[in-house]
Structures are given as structure tokens and as C-alpha cells.
There are 2 protein chains.
Amino acid sequence: MRRLQIATIRELARLSGVSVATVSRVLNDYADVSPTTRARVLEVARELDYTPSAAARTLVMQRSQVIGVVLQTGEGHPDLQHPFFQEVLVGLKHRLGAGGYDLLLFATENPGNGFSEHSFARRARHHRVDGLVVMGVDPADPEVQKLLRSSIPLVAVDAEVVGRRSGYVISDNQGGARLAVRHLRECGHERIAIVTGMLSTRPGADRLLGYRAELEALGVPYRDDYVQEGDFYFDSGYRGMRALLALPEPPTAVFAAGDLMAAGAVRAVEEHGLSVPDDVALVGFDDIQLAAMMQPSLTTIRQDKTGLGATAGEALLRMLEQVDAAPPTTSLPVELVVRESSRVRSSRRARKQRDLEVTGA
Amino acid sequence: MRRLQIATIRELARLSGVSVATVSRVLNDYADVSPTTRARVLEVARELDYTPSAAARTLVMQRSQVIGVVLQTGEGHPDLQHPFFQEVLVGLKHRLGAGGYDLLLFATENPGNGFSEHSFARRARHHRVDGLVVMGVDPADPEVQKLLRSSIPLVAVDAEVVGRRSGYVISDNQGGARLAVRHLRECGHERIAIVTGMLSTRPGADRLLGYRAELEALGVPYRDDYVQEGDFYFDSGYRGMRALLALPEPPTAVFAAGDLMAAGAVRAVEEHGLSVPDDVALVGFDDIQLAAMMQPSLTTIRQDKTGLGATAGEALLRMLEQVDAAPPTTSLPVELVVRESSRVRSSRRARKQRDLEVTGA
DNA sequence: CTCCTCACCGGAAACGTTTCCGGAGTTATT
DNA sequence: AATAACTCCGGAAACGTTTCCGGTGAGGAG
């Protein structure tokens with residue numbers, strides 16, 4: 001009873017004694033078909049376990065029901081490796097999946113086979129994806145610029161790209177940074193330093209901006225030597241913190257513009273024989289899983305990561321449904337989550353609270 | 001100069017003054033074409049920024065150059081959320097990308113639109129994927145069984161599925177568990193408990209098996225009350241550890257069958273007013289990023305996660321190239337990584353070493 | 001009884017490729 | 001000088017759909 005070839009619409013038509021046109025009509029829920037015919041065709045289709053060919057459908061309809069996802073492989077660190085993007089991906093997949101779309105992950109490694117196949121724009125056209133989501137890319141990247149001109153609906157996460165058919169969703173990075181600095185100030189700190197993310201990225205730049213803005217608003221003088229440039233990953237946080245500790249007048253509080261870097265900073269502080277938060281208070285950014293789990297648990301600015309993905313998906317769906325839908329330029333709110341790394345003293349009560357937070361999630 | 005329609009092979013043929021057949025031959029590097037013609041076609045193709053349509057090619061060639069990836073959305077926890085799978089995905093994408101394949105992420109949410117679209121087997125046929133990689137699934141799942149019968153080359157990660165065209169790659173979970181227990185015993189512990197992963201999964205079951213086997217080998221009596229069933233995630237580690245600490249004779253060492261659970265266990269221990277490793281020694285499994293970053297850093301059994309992905313990709317490529325290639329049944333070695341959570345005392349020297357490990361990675 | 005409308009259906013073109021088959025020149029072989 | 005063997009190329013079928021356009025038969029209006 002196993003068929004060797006997978007069933008085609010022609011086979012299905014033959015078996016139900018109607019034309020392929022009619023079969024197509026019942027499969028696509030057109031009105032112009034009698035109830036009896038419809039029932040018969042559906043029955044045979046079920047028996048055959050028939051599935052239409054996406055390729056054929058794409059070819060004739062000029063749309064694929066597939067969304068391309070590009071995660072730029074950062075220098076050395078595949079972005080896929082950063083927990084942040086992973087969570088965004090979860091939200092994205094969920095929303096787009098519910099909308100009937102599948103996700104095509106563009107491999108960033110150039111296959112080399114055939115004629116030059118690399119460029120994202122080419123790959124997008126090649127697969128005829130209906131839309132694109134790009135994450136962690138530099139908007140100035142020529143690759144990205146090509147994508148923008150391509151008239152394929154696109155939404156970027158964490159990068160401010162705008163075009164006729166492309167928008168972005170992003171967290172309120174500047175506001176988040178201000179929250180972090182204000183919190184540190186309210187904890188009594190005056191010497192507040194920062195370890196930044198990559199300044200070439202929007203979040204990296206904005207968090208630094210917010211840091212400076214809040215410092216000014218609070219009347220705390222800005223010092224160049226309190227700014228350490230990092231790259232969002234653990235090691236750079238570690239190195240940045242070391243540099244800060246080596247200063248003649250080291251800071252008593254540090255805002256690390258990413259949780260991974262905050263973790264690195266904690267490592268540096270403790271290796272220096274000091275303690276978090278007693279000697280150095282720390283606030284991170286992102287609230288990745290790690291933040292609540294580490295010791296001391298990390299005060300941080302929570303981004304709604306799956307929300308970013310879901311919002312991006314949502315916006316994309318809107319743009320696909322109505323051609324004239326405006327591309328999104330959405331900024332999602334963030335939230336200060338106070339944990340141990342910024343508390344004056346780690347008390348019994350603090351621990352209890354921290355616990356509730358995690359297990360309740 | 002912008003074309004409204006994307007260029008087709010027909011257009012390309014017209015512009016180069018040859019037939020589509022010839023263009024196709026040029027593009028696919030056939031020998032049967034004169035150097036001058038070849039050059040001309042290539043030139044025009046470059047000008048047009050021509051890209052062949054994947055849909056058309058798939059249709060006629062009956063292959064898509066796409067690999068389907070299914071990540072079963074576990075009960076409550078999307079697997080994509082577990083760092084483990086993320087890293088496997090990195091390796092997979094890398095290897096398969098280099099082989100010229102793109103990855104299609106199957107959305108697990110049933111789109112509902114059209115006629116029943118859910119089943120993975122249907123989706124696989126629908127997109128005509130050339131191969132499949134499945135992760136974190138139950139081999140007994142009827143969905144998976146359907147996939148096996150479908151004659152599409154398949155390789156599973158972390159699940160022992162075998163079929164005519166399907167194999168698996170997995171870590172040596174049993175051996176890893178034995179390593180963990182032996183290490184704990186060598187640290188002087190006698191009362192060694194375990195918090196298991198989901199026993200319905202291969203790794204969950206195997207790690208428990210290894211635990212028991214090594215206990216026996218070492219002549220340490222096995223106790224039922226030293227076995228707490230978890231589910232690989234933080235909370236279950238936390239709960240399991242609490243239960244163990246409530247025992248009349250609590251263990252002095254615990255093997256947590258996953259790093260996330262180990263982190264939860266640390267939390268429970270400290271909340272209980274005890275310390276890791278002084279009161280309770282801990283060994284985890286996986287060596288996810290978290291393990292090296294947390295405080296105390298986690299002794300664990302390292303799996304080669306990207307290696308799993310790469311091996312899976314490699315095997316799949318082999319099966320795609322030669323139909324008669326045997327499906328893999330590969331087991332990758334694991335490795336004990338000693339960090340603070342199992343050290344008798346956290347010394348200056350230990351910290352130094354831990355540091356090297358992380359920054360050197 | 002004829003004509004119109006309407007419900008239902010089939011034929012066929014189109015989507016963009018690959019590949020089989022054969023044909024026209026050109027060069028080598030007898 | 002005829003034929004064989006290459007080299008290079010074009011026509012056309014095929015892949016599995018969707019959709020336009022038109023056709024048939026039944027029933028209602030004139």
C-alpha cells in the first residue's frame with residue numbers, strides 16, 4: 001500500500017474522477033464546487049495523505065510562505081551563540097509559525113559551490129522568501145543595504161534600519177541604561193563606570209548614550225576613564241572590569257551593558273579579592289537566564305526578548321497581508337530587575353525574594 | 001536600471017543571444033559549451049545579478065538543497081530555549097551550510113490554515129527537504145515514527161532512532177555519568193545522590209544508568225532515596241536538591257544530570273545555609289556556557305555540543321551523497337571538567353586555573 | 001418553447017528550471 | 001572524397017501547481 005512516488009494532484013484528480021482544476025479548487029476552499037465532489041476529493045486526499053508541493057505552489061503563486069532569518073555571524077562569535085538572539089528566535093518562530101510561515105535559517109558560510117551564492121539578497125531571491133528578519137547586523141553593511149533595496153518586507157531586530165518596506169523593533173536601550181545608572185546612584189554610588197557593548201551596534205551605542213545622559217541628569221560628572229569598551233561577551237566584561245579596578249580611583253559601581261559582560265566583571269572583581277556587591281555594585285542588561293542563576297544573582301535591565309521576536313513577526317505578518325502597511329519602528333519598554341549584585345548587603349530576605357523570582361518564572 | 005521583475009533564465013538567454021538550454025549548461029558547469037559563449041553568458045548573468053529560482057529547480061530536480069530541523073517543543077519548555085540545543089544548532093548550521101544546504105526550522109505550532117498541516121512528515125514532503133535533523137524528541141512519538149518510514153534521510157541528536165535511512169549521534173552519557181560519580185568518590189564522598197533528567201529521554205535514562213553502574217563498580221551501596229527525578233531545567237534541580245537536603249541522612253555529593261539543574265541545586269544548597277563545595281559537592285553535565293561563569297564555577301561533564309551538530313550534519317551529507325551510506329550510530333566522547341563546585345577548598349590557585357579555562361576558550 | 005442565468009466543472013497556459021534528443025558545422029579518419 | 005566522430009547548441013518535454021476562460025446542463029423567466 002506504500003506508494004513509491006509521493007502523490008501529486010494529478011493522481012488525486014484521477015482517483016477522485018475529476019480534473020486537477022477542481023481538486024485545486026476544493027483544496028483551496030473555493031466556492032465553485034459541489035458538496036459531493038468536495039467530500040469525495042477530500043476523502044481521497046486523506047487516504048493518499050496528499051500534501052501539495054511547496055515548490056510548485058511557490059513557482060506559480062510567486063510566494064513561498066517562508067521567512068528568511070539572517071543571524072550575522074559576528075567576528076568570532078556566532079550570534080546564534082548569544083542567548084539573547086536565541087530567545088528572540090523563540091518568539092519569532094512562535095508568532096510566524098502561528099501565521100503559517102516557516103523559518104529558513106540562512107547559512108552564513110559561503111557554500112562556494114555553483115556560482116557565487118553568498119549574498120543574502122541573492123539567497124532571499126533564490127528561495128523567494130516572502131519576508132526577512134535580520135538580527136545583530138550592522139545597518140551600514142553593504143549586504144544589508146542590498147537587502148533594503150530589494151523590496152522584500154524586512155524587519156530588523158536591534159538595528160535601526162528603515163526603508164520603504166523595512167522597519168525594526170528594538171528595546172528602549174537608552175531608557176534602560178538610564179534606569180541602571182539611576183538605580184546605582186540611588187544605592188548611594190557616585191563613582192559609576194560602564195563597560196559598553198560594541199559601539200557599532202545600536203544597543204551598544206544607545207546604552208552608552210543613556211549612561212551619559214543620566215549621569216548628567218543626576219549631576220554626576222562624566223569621566224572618560226570610567227568608560228571601557230567591550231563587545232557584549234564574557235571576556236570583554238572581565239577585561240573591562242580589570243582595567244577599571246586598576247584605576248587610581250576605581251569605581252564603586254559598574255553598569256555592564258550586557259549580562260554576559262556583567263558575569264565577566266563579577267569574575268574580575270572576585271579575582272581581585274573584592275566582593276560584589278559590597279565593594280563593587282553591578283548592573284547588567286538583558287536579563288538572560290544566566291542573570292537569575294548566577295551567584296550573586298544579577299541586577300539587570302530586563303528586555304522582553306521573546307516579545308521582540310513576536311513583535312517582529314507580528315509586524316512582518318502585517319506587512320505581508322497589506323502591502324501598504326507601514327514598516328514598524330517599535331521600541332519595547334524595559335524593566336529594572338533588582339537582585340543581589342546591587343544590594344547593599346545580601347540578607348536572608350533578599351535571598352528569599354530572589355528565589356521566588358526564579359522559581360516563579 | 002532597476003528591474004521590476006527579477007530576472008529569469010529566459011531573459012538571461014535572450015540577452016546573451018543563446019537558448020535557455022545553453023544558459024542552463026553554463027550555469028551548471030557542463031562541458032558542452034564553447035568558452036566564448038560561456039564567458040558571454042556569465043557576463044550577462046553578473047550584470048543582471050541573476051539567481052536561479054529554488055522552486056523551479058526543486059520542482060524539476062526533485063531535491064531542494066534544504067534540510068529540515070525539528071526541535072520538539074517540550075512540555076512547557078521550547079527546546080530551542082535550552083542552551084544545549086542552541087549550541088548543537090550552531091554546529092549543524094555550520095557544517096550543513098558549508099555543504100551548500102540551508103536550514104528550515106519547522107514551526108511546531110500548527111498553522112491550522114488550509115487542511116491539516118501539522119504533521120512533520122507532511123511538512124517534510126511539502127517542502128521536499130532532502131534530509132532531516134531532529135532534536136530532543138521521543139523516538140516512540142508517532143510523529144517521529146512516521147518520519148522514519150518516510151524514507152527521507154534523517155539523523156537524530158540525543159535520541160536513539162534507527163531505521164533504514166536514519167541514524168543518530170549522541171554523547172557517551174553513560175560513560176559521562178560514571179566519570180562524574182567516580183570523580184565524586186575520589187574526592188572522598190560516600191553519600192552520592194543524583195538528580196536525573198527526564199527519564200523518557202535517552203540522555204536522562206543513560207545518565208542514571210551510568211550513575212548506578214559506577215556506584216556498583218565502586219562498591220558504594222545504591223539507595224533509592226538518593227535518586228530525584230528532574231527534567232533538565234533549573235527548577236527541577238532546585239526542588240530535587242531541597243528534597244535531598246530534607247533527608248534524614250542527606251548526601252554530601254550530588255551528580256546533577258544537567259548544568260541547569262546543577263545551578264538550581266546550588267541555589268537550594270545555599271538557601272539552606274550550606275555551601276558548595278564545602279558541604280555539598282556538585283557535578284553537572286553538558287558544560288554549557290553558564291557552567292564556567294557561575295559562582296562557584298561548576299565541575300561538569302563536557303559534551304562536544306557543536307561537535308554533535310557537526311557530526312550530525314556530516315553524516316547527513318554522507319547519506320545524501322551516496323544512497324547506500326550507512327546511517328550513523330555515533331557516540332561522541334565526553335570529558336570531565338573539574339571546577340570549584342567539587343573542589344575540597346576553593347584556593348587561590350584554583351581560581352587562577354578556572355580563569356584560564358574561560359578566557360582561553 | 002426559447003433564452004438567460006447559474007452552478008459546476010475541464011482545458012490549458014503559465015511559473016522557471018533541467019535534461020534528453022537530435023541537428024548543424026567542423027575536423028579527423030579511411 | 002566520403003564518412004565518421006566531435007563540438008556546440010536549440011527545441012521541447014517535464015516537474016506540480018493555480019487560475020483564467022469557456023462550456024455544459026439544469027432550472028427559471030419570458
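What you are looking at is a predicted structure, and each value in this text was computed from that prediction instead of being measured. In what follows, every chain begins at residue 1, and chains take the letters A, B, ... in the order their sequences are listed.
Residue A:Leu59 contributes atom CG, which lies 14 Å from atom P of C:dA14 at whole-angstrom precision. If you take CG of B:Asn28 and P of C:dT17, they are 11 Å apart, rounded to a whole angstrom. The CD atom of A:Gln62 sits 14 Å away from the P atom of C:dA14 (whole-angstrom rounding). Atom-to-atom, CD1 of B:Ile9 to P of C:dT19 comes out at 11 Å; the value is rounded to the nearest Å. Separating the CZ atom of B:Arg14 from the P atom of C:dG16 is a distance of 14 Å, rounded to the nearest angstrom. Regarding B:Arg10, its CZ atom lies at a distance of 9 Å from the P atom of C:dT17, rounded to whole Å. Between the P atom of C:dT18 and the CG atom of B:Leu12 lies a distance of 11 Å, rounded to the nearest Å. For the pair B:Tyr50 OH and C:dT17 C1', the computed distance is 7 Å after rounding to whole Å.
The side-chain heavy atoms of A:Phe106 and A:Val129, taken from C-beta on, include a pair separated by under 4.5 Å.
The side chain of A:Met61 lies closest to D:dT19, out of D:dT19, C:dT17, D:dT17. Nearest nucleotide to the side chain of A:Val60, out of C:dC15, D:dT19, C:dG16: C:dC15. Comparing C:dG16, D:dT17, C:dT18 against the side chain of B:Ser53 picks out C:dG16 as the nearest.
Across its full length, the helix from C:dC1-D:dG30 to C:dT30-D:dA1 shows an angle of 60° between the axes of its 5 terminal pairs at either end, rounded to 10 degrees.
B:Asp102 has a carboxylate O that lies under 4.0 Å from a charged side-chain N of A:Arg123, or vice versa, which qualifies the two as a salt bridge.
Every residue two or more places apart in sequence or in another chain was checked for a salt bridge (charged side-chain N to carboxylate O under 4.0 Å, His left out) with B:Arg63, and none qualifies. Every side-chain contact (heavy atoms from CB on, under 4.5 Å) that B:Asp138 has, sequence neighbours left out, goes to B:Ala140, B:Asp141. Here A:Arg40 pairs with nothing under the salt bridge (charged side-chain N to carboxylate O under 4.0 Å, His left out) rule; sequence neighbours left out. Looking at residues two or more places apart in sequence or on another chain, you find no salt bridge (charged side-chain N to carboxylate O under 4.0 Å, His left out) involving B:Arg165. Under the side-chain contact (heavy atoms from CB on, under 4.5 Å) criterion, A:Ser200 pairs with A:Met198, not counting sequence neighbours. A search for salt bridge (charged side-chain N to carboxylate O under 4.0 Å, His left out) contacts involving A:Arg10 returns nothing, not counting sequence neighbours. With sequence neighbours excluded, the residues that form a side-chain contact (heavy atoms from CB on, under 4.5 Å) with A:Pro139 are A:Ala159, A:Val161. The side-chain contact (heavy atoms from CB on, under 4.5 Å) test applied to A:Ile170 returns A:Asp158, A:Tyr168, A:Asn173, A:Arg202, A:Ser331, not counting sequence neighbours.
Using a 4.0 Å cut-off on heavy atoms, the residues of residues 18-25 of chain B that approach DNA chain D are B:Val18, B:Ser19, B:Ala21, B:Thr22, B:Arg25, listed by number. For DNA chain C, no neighbouring residue in residues 31-39 of chain B is found when judged by any heavy atom under 4.0 Å.
Phosphate proximity of D:dT18 to A:Arg57: present, with a side-chain N or O under 4.0 Å from OP1 or OP2. Neither OP1 nor OP2 of D:dC9 sits under 4.0 Å from any side-chain N or O of B:Tyr30.
Of the possible polar contacts, one joining the B:Asp130 side chain to the B:Ser64 backbone as a donor-acceptor pair under 3.5 Å is found.
Residue pairs meeting the side chain to side chain donor-acceptor pair (under 3.5 Å) criterion with at least one member in residues 310-319 of chain A, sequence neighbours excluded, are A:Arg95-A:Glu314.
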